[in-house]
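Taking it in order: structure first as structure tokens, then the write-up.
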Amino acid sequence: MSKLNPRQAEAVAYISGPLLVLAGAGSGKTSVITRKIAYLVQQCGIRAQYICAVTFTNKAAREMKARVASLLKAGEGRGLTVSTFHNLGLNIIRREYAHLGYKPGFSIFDEGDIKALLTDIMQKEYQGDDGLDEIKNYIGNWKNDLILPDEALEKARTPKEQTAAVVYLHYQRTLKAYNAVDFDDLILMPVKLFQEHPEVLERWRNRIRYMLVDEYQDTNTSQYLLVKMLVQERAQFTVVGDDDQSIYAWRGARPENLMQLKDDFPSLKVVMLEQNYRSTSRILKCANVLIANNPHVFEKQLWSEMGHGDPIRVLRCKNEDGEAERIALEILTLHLKTQRPYADFAILYRGNHQAKLMELKLQHHQIPYRLSGGTSFFARQEVKDVMSYLRLLVNPDDDNAFLRVINVPRREIGSTTLEKLGNYAGSRDRSMYAAADEIGLGEHLDARFTERLGRFKRWMDGVRKNCAGEDPIGALRSMVMDIDYENWIRQNASSDKVADFRMGNVWFLLDALKNILEKDEDGQMTIEDAIAKLVLRDMLERQQEEEEGADGVQMMTLHASKGLEFPYVFIMGMEEEILPHRSSIEADTIEEERRLAYVGITRARQTLAFTYATRRKQYGELIDCTPSRFLDELPPEDLQWEGLEEAPQEQKAARGNDALAAMRAMLKRG
DNA sequence: CACCGCTCAGTTTTT
DNA sequence: CTGAGCGGTG
């Protein structure tokens, strides 16, 4: 077990009041959190069940859990909570749903469900879904700021806001009727609940006596309020964050929450972690010098004892094709020369579209790679279908799921039937599923159609019964067989290969569900809970990770790279309009772009290179590119520019290009 | 309902 | 310039 430095030790041992740890990149913040949990349990006699650590991603939570487990003796970690904000919120709602007027088995709507619901509402209210995304943003922002529909209606000034507020009101009512919540509600509802029911809050405060929050700079207003309410005047907490790594303001994160803490908790102690255990000092100097261009409340200087390191190279390329080619050749050469696995190399970029060409080049040179991001597993049709079956199974009020499922596969229930069922259900204040076999429906629908609906409902009720038995997963597998889903997939797929892949996803989903049920320690997990966890992506990634053991160059966006590290890092597209992004230049949010560059630089352990193209095809036109202003902000003495010989008039002196020639020669040799 | 052609946007994204 | 998504048509 590694020794903590004095600052880290101070952060771990300080438990007499609220603590803010400003942890620079690579300064061992996860160690501090995990060691602190162990310290609380082993030295302070606080039982693990009273400790709650919160992260933003499942991955971070998983890593933290594993590291804590390795520090504690068996049994000591019993009842410890390490979860994401959303999972914590889910756990609260799971126990307190009755106070919120919800029923068990409530659905969690994902991005797709939300859009479908909003489209539906806007069709009804405004006969069109123009500006859906904008309205969705308004609603999301309100929810992040803890503003409910009534307040939004009052506050709305512009016509757009008023429209959005009206839609918001309908949206929230419909969610309630469907016995559903969205992701934002998982945070917002617990806060509202605690505000309205102090006795419930008291119960939770009793359960959570010490709180630790990771990536605090990424919290939004609701999340901060949730933390604040739980810790309240007892103020037993540690939050860890880095204002320089705040790159999610665009989705509601408020790095100001770091400052807010000082006002809200005057006794706040601040500890700064400035020793970096990841990068060479040259890389850190670059990072420091760059970020010094941003205003700071807390000044920090990262330093390391990892040696001076290689110069940082800036590779000038003719065009986007040359850029990708150059990176591919660099990696190929370095891989051969150093014998390091491809997984030691990372290519980072601002936007996902930049990955395309890069991918082609890597393929061309037969370099294995791993691409993170891309189409989410949950966006896949077959996954959505099966998820909808699962949801309808545990939540018959979920009309969204009902509509998705009713004709998949074909049950000869058309839009007219569904519209009449919907109207009838609406008039009776029932869900479509509940109304599907009501006698009164016969007055609006022909017997043929009521029979089809009734048959579906009877079948579904049967499946639900089976699920309540000994082997719920087995029951779900039979359900998939029962509807002959495989046949449906085969009919709709373009090839057998695609069909196999899709069926694989279906079984994978059920396996993940099985794993969630099985790994549950206290045996309290119901199938309802497990499905909710599935929507929150928990467990799924873990399985995918296990399958992803293969060696390969890692390609990802700068955003996705936060929290990771690589020996060799390439940051591509270092150009004005790309990094900083054009829209950020226009919106004057350069500082966040600078932090994005900062995050990218601080991912590198030993070698860092930037690339940019002098010309680039954009929207069908060949345009001249300007190197990113961030390159100019870096210390010139640590940079080594390459590829300037074609443009000697540029501000930087041309340097020898021996490296490129040597590389080519080496490639020829083998 | 399937397919074709037109229009329009073209950042980052977890839960 | 592309690719997605939409609307119109057969």
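Worth knowing before you read on, the calculation uses all heavy atoms, side chains too, and leaves out hydrogens, waters and symmetry mates. Numbered from 1 within each chain, the chains take letters A, B, ... in sequence-line order.
Which of C:dG3, B:dT11, B:dG10 sits closest to the side chain of A:Arg350 comes down to B:dT11. When distances are taken from the side chain of A:Arg251 to each of B:dT11, B:dT15, B:dT13, the shortest belongs to B:dT13.
One can place CG of A:Asp133 at 14 Å from C1' of B:dT13, the figure rounded to the nearest angstrom. Summarising the geometry, the separation between CD on A:Gln618 and C1' on B:dG10 is reported as 9 Å, rounded to the nearest angstrom. Between the NZ atom of A:Lys59 and the C1' atom of B:dT13 there is a distance of 15 Å, rounded to whole Å. Here the C1' atom of nucleotide B:dT13 and the CG atom of A:Asp110 are 14 Å apart, to the nearest Å. Taking atom NZ on A:Lys115 and atom P on B:dT13, their separation rounds to 15 Å, with Å as the unit. One interatomic measurement links the two molecules: CG of A:Leu534 to P of B:dT14, which rounds to 16 Å at whole-angstrom precision. Between A:His86 atom NE2 and B:dT15 atom P there is a gap of 8 Å when expressed in whole angstrom units. When rounded to the nearest whole Å, the span between CD of A:Glu320 and P of C:dT2 equals 12 Å.
Ring-plane geometry between A:Tyr248 and A:His559 is classed as tilted, the angle between the planes lying from 30 to 60 degrees on a 0 to 90 degree scale.
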Pairs under 3.5 angstrom, nitrogen or oxygen only, protein versus nucleotides 7-9 of chain B, please.
none

(request) Would you sort out whether A:Tyr369 and A:Gln363 count as a side chain to side chain donor-acceptor pair (under 3.5 Å), showing the intermediate values? (result) CA-CA 8 Å; A:Tyr369 62 89; A:Gln363 280 168 10; 2.7 Å; yes
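Phosphate proximity of B:dT12 to A:Ser584: absent, as no side-chain N or O sits under 4.0 Å from OP1 or OP2. Contact between the side-chain N/O atoms of A:Asn352 and the OP1/OP2 oxygens of B:dT11 is not found at any separation under 4.0 Å. For B:dT11, one of the phosphate oxygens OP1 or OP2 lies less than 4.0 angstrom from a side-chain nitrogen or oxygen of A:His353. Of the side-chain N and O atoms in A:Asn87, none sit less than 4.0 angstrom from OP1 or OP2 of B:dT15.
Geometrically, A:Arg594 does not engage A:Phe630 in a cation-pi contact defined by less than 6.0 Å to the ring centre and at most 45° from the axis.
B:dT12 and C:dG5 have their P atoms separated by 15 Å, given to the nearest Å. One P atom belongs to C:dA4, the other to B:dT11, and the distance between them is 13 Å to the nearest Å. Nucleotides B:dT14 and C:dG3 place their C1' atoms 25 Å apart, quoted to the nearest Å.
In this structure, A:Ser583 reaches the bases: a heavy-atom distance under 4.0 Å links it to at least one base atom across the strands shown. Base engagement by A:Glu111 is indicated by at least one non-hydrogen atom pair under 4.0 Å involving a base atom. Among the heavy atoms of the strands lying under 4.0 Å from A:Phe56 are primed sugar atoms or P, OP1, OP2 only; no base atom is included.
For A:Glu528, there are no salt bridge (Lys or Arg N to Asp or Glu O under 4.0 Å) partners at least two apart in sequence or on another chain. Taking A:Asp242 as the reference, A:Asp244, A:Gln245, A:Lys300, A:Tyr598 meet the side chain to side chain contact (heavy atoms under 4.5 Å, CB included) condition, with sequence neighbours excluded. Remark: A:Tyr102 pairs with no residue by the ring pair (Phe, Tyr, Trp, His ring centres under 6.0 Å) rule, at least two apart or across chains. Residues forming a side chain to side chain contact (heavy atoms under 4.5 Å, CB included) with A:Ala355 (at least two apart in sequence, or on another chain): A:Tyr349, A:Leu371, A:Met555.
Residue-to-nucleotide contacts include no donor-acceptor pair under 3.5 Å from the side chain of A:Arg537 to the base of B:dT15.
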Side-chain atoms of residues 181-194 of chain A: list all donor-acceptor pairs with protein atoms under 3.5 Å, sequence neighbours left out, distances to 0.1 Å.
from, atom 1, to, atom 2, distance (Å)
A:Asp182, OD1, A:Lys143, NZ, 3.2
A:Asp182, OD1, A:Asp184, N, 3.2
A:Asp182, OD1, A:Asp185, N, 2.8
A:Asp182, OD2, A:Lys143, NZ, 2.6
A:Asp182, OD2, A:Tyr171, OH, 2.7
A:Asp185, OD1, A:Lys143, NZ, 2.8
A:Asp185, OD1, A:Gln172, NE2, 3.4
A:Asp185, OD2, A:Lys143, NZ, 3.2
A:Asp185, OD2, A:Gln172, NE2, 3.3
A:Asp185, OD2, A:Asp182, N, 3.1

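You cannot call A:His559 stacked on the base of B:dT12; the centres under 5.5 Å and planes under 30° rule is not satisfied.
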